[in-house]
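Heads up, the thing below is written out as structure tokens.
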Amino acid sequence: MPSIRVLIADDHAVLRAGLKLLIGAESDMEVVGEAADGPETVRSTRATAPDVVLLDLSMPGPRSGQTIGELVRLAPRPRVLVLTMHDDAASMQAALRAGASGYIVKKAADVELLTAIRTVHDGRTFVGLTRPGEQASRGSRDGTAAAQPKPLSPREAEVLRLLAQGHTNQEAAEQLAVSVKTIETHRRRLSDKLGLKSRAQLFRFAVEIGLLEAE
């Protein structure tokens with residue numbers, strides 16, 4: 001089966017790296033390019049002809065609506081899936097009016113993002129919002145507000161940072177001069193507090209709260 005060719009457009013290098021790992025691990029997907037602003041996204045899309053452009057709304061350069069418009073006028077035409085922190089219906093509607101095929105927030109689970117990529121690639125529209133009163137297009141959300149994560153202790157934040165950087169439990173334990181069992185306990189607490197199960201989810205959350213400097 002041919003792979004879904006994905007281009008990642010986001011101005012945070014560490015977030016692009018995490019998304020590349022997540023997408024590249026799927027047997028039916030491959031990352032064919034990256035971009036850090038609107039003009040580079042258009043140039044890279046022309047050069048690599050991706051099936052799906054995963055596009056952040058808040059990159060430097062022209063307004064996101066202009067970038068989306070330029071992308072969907074290319075031939076072959078890519079499907080544009082917006083991946084953003086803007087969790088509101090107005091931003092979503094503006095992106096879809098500009099020509100995007102899907103809209104998903106960065107707090108979404110990994111499996112939901114992968115589903116969104118496959119959905120827009122298949123020619124369908126995907127919308128996933130989490131704010132009160134908003135409904136995901138698949139009908140899998142109940143419209144209730146997402147629970148706010150509990151505050152992290154300084155040690156939990158340090159463990160999260162090390163795990164998000166790719167350190168194993170053993171390496172994190174050595175750096176903090178604690179046992180592996182202690183790191184495992186902190187990781188379970190992080191999972192319970194944040195509802196994040198995979199290392200990729202921890203990575204993305206760490207980026208969004210500023211634990212990892214966006215290079």
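Quick caveat: nothing in here was measured; it's all calculated off a predicted structure. Numbering of residues begins at 1 and proceeds along the displayed sequence.
Put simply, the side chain of Thr84 gets close to the backbone of His86: a donor and an acceptor are under 3.5 Å apart. With hydrogens and angles ignored, the 3.5 Å screen pairs no side-chain donor or acceptor of Arg79 with any backbone N or O of Val52. In this structure, the side chain of Arg77 does not engage the main chain of Arg73 through any donor-acceptor pair within 3.5 Å. With hydrogens and angles disregarded, no donor-acceptor distance shorter than 3.5 Å links the side chain of Thr182 to the backbone of Val178. Within the 3.5 Å criterion, the main-chain N or O of His12 finds a donor-acceptor partner in the side chain of Asp10. Side chain of Glu171 to main chain of Thr168: a donor-acceptor pair is present (N/O by atom type, distance under 3.5 Å, no hydrogens or angles).
Looking at His121 and Ser101, their side chains never bring a donor and an acceptor atom within 3.5 Å of each other. A side-chain donor-acceptor contact under 3.5 Å links Gln170 and Glu174. No side-chain donor from either of Ser191 and Arg188 sits under 3.5 Å from a side-chain acceptor of the other. Counted by atom type alone, Thr67 and Ser64 present zero donor-acceptor pairs between their side chains at under 3.5 Å.
The minimum heavy-atom distance linking Glu70 with Val42 is given by the pair OE1-CG2, 3.7 Å. Shortest non-hydrogen contact noted between Phe126 and Glu112 is CZ-CG, 3.8 Å. Across every non-hydrogen atom of Val72 and Gly99, the tightest pair is CG1-O, 3.5 Å. Of all non-hydrogen atoms in Pro62 and Pro39, the two that sit nearest each other are CD-CD, 3.5 Å. Considering all non-hydrogen atoms of both residues, Ala116 and Ile104 come closest at CB-CD1, 4.2 Å. Of all non-hydrogen atoms in Ala36 and Pro60, the two that sit nearest each other are O-CD, 3.6 Å.
One hydrophobic cluster holds both Met59 and Ile68 under the rule that ILVMFWY side chains link at heavy-atom gaps under 4.5 Å. Linking Ile, Leu, Val, Met, Phe, Trp and Tyr whenever their side-chain heavy atoms come within less than 4.5 Å puts Leu74 and Val53 in one cluster. No continuous path of ILVMFWY side-chain contacts below 4.5 Å connects Val32 to Leu19, so the two sit in separate hydrophobic clusters.
Between Asp87 and Lys106 there is no salt bridge, since none of the side-chain N atoms of the basic residue sits less than 4.0 Å from a carboxylate O of the acidic one. Glu156 and Arg189 are not joined by a salt bridge, as no carboxylate oxygen comes within less than 4.0 angstrom of a charged side-chain nitrogen. Salt bridge Arg43/Glu40: absent, no basic N to carboxylate O contact under 4.0 Å.
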Val120/Thr125 under side chain to side chain contact (heavy atoms under 4.5 Å, CB included): CA gap, chis, key distance, verdict: CA-CA 6 Å; Val120 300; Thr125 300; over 6 Å; no
Side chain to side chain contact (heavy atoms under 4.5 Å, CB included) assessment of Leu7 paired with Val31: CA-CA 6 Å; Leu7 185 142; Val31 175; over 6 Å; no
Intermediate values then yes/no, salt bridge (charged side-chain N to carboxylate O under 4.0 Å, His left out), Arg118 and Glu26: CA-CA 11 Å; Arg118 294 183 178 102; Glu26 298 300 299; 2.8 Å; yes
Intermediate values then yes/no, side chain to side chain contact (heavy atoms under 4.5 Å, CB included), Val82 and Leu54: CA-CA 6 Å; Val82 170; Leu54 195 57; over 6 Å; no
Candidate pair Glu184 and Arg187, rule salt bridge (charged side-chain N to carboxylate O under 4.0 Å, His left out), full reasoning: CA-CA 5 Å; Glu184 292 172 347; Arg187 187 166 183 172; over 6 Å; no
Step-by-step side chain to side chain contact (heavy atoms under 4.5 Å, CB included) determination, Ile23 to Ile8: CA-CA 10 Å; Ile23 294 168; Ile8 302 170; 4.2 Å; yes
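You'll find the side chain of Met85 stays beyond 4.5 Å of the side chain of Val105, heavy atoms only. Using a 4.5 Å heavy-atom threshold, the side chains of Val159 and Leu190 count as touching. Val6 has its side chain out of reach of Asp51: every pair of non-hydrogen atoms, C-beta onward, lies at least 4.5 Å apart.
Taking CG of Leu160 as the reference point, atom CZ of Arg155 lies at 13.5 Å (rounded to 0.5 Å). Taking CD1 from Ile117 and CE from Met29, the interatomic distance works out to 4.5 Å, rounded to the nearest 0.5 Å. Distance CG/Asp56 to CG/Leu15: 7.5 Å, rounded to 0.5 Å. Taking CD1 of Ile183 as the start and CD of Gln175 as the end, the distance is 9.5 Å to the nearest 0.5 Å. Residue Leu81 holds its CG atom at 6.5 Å from CG of Leu113, rounded to the nearest 0.5 Å.
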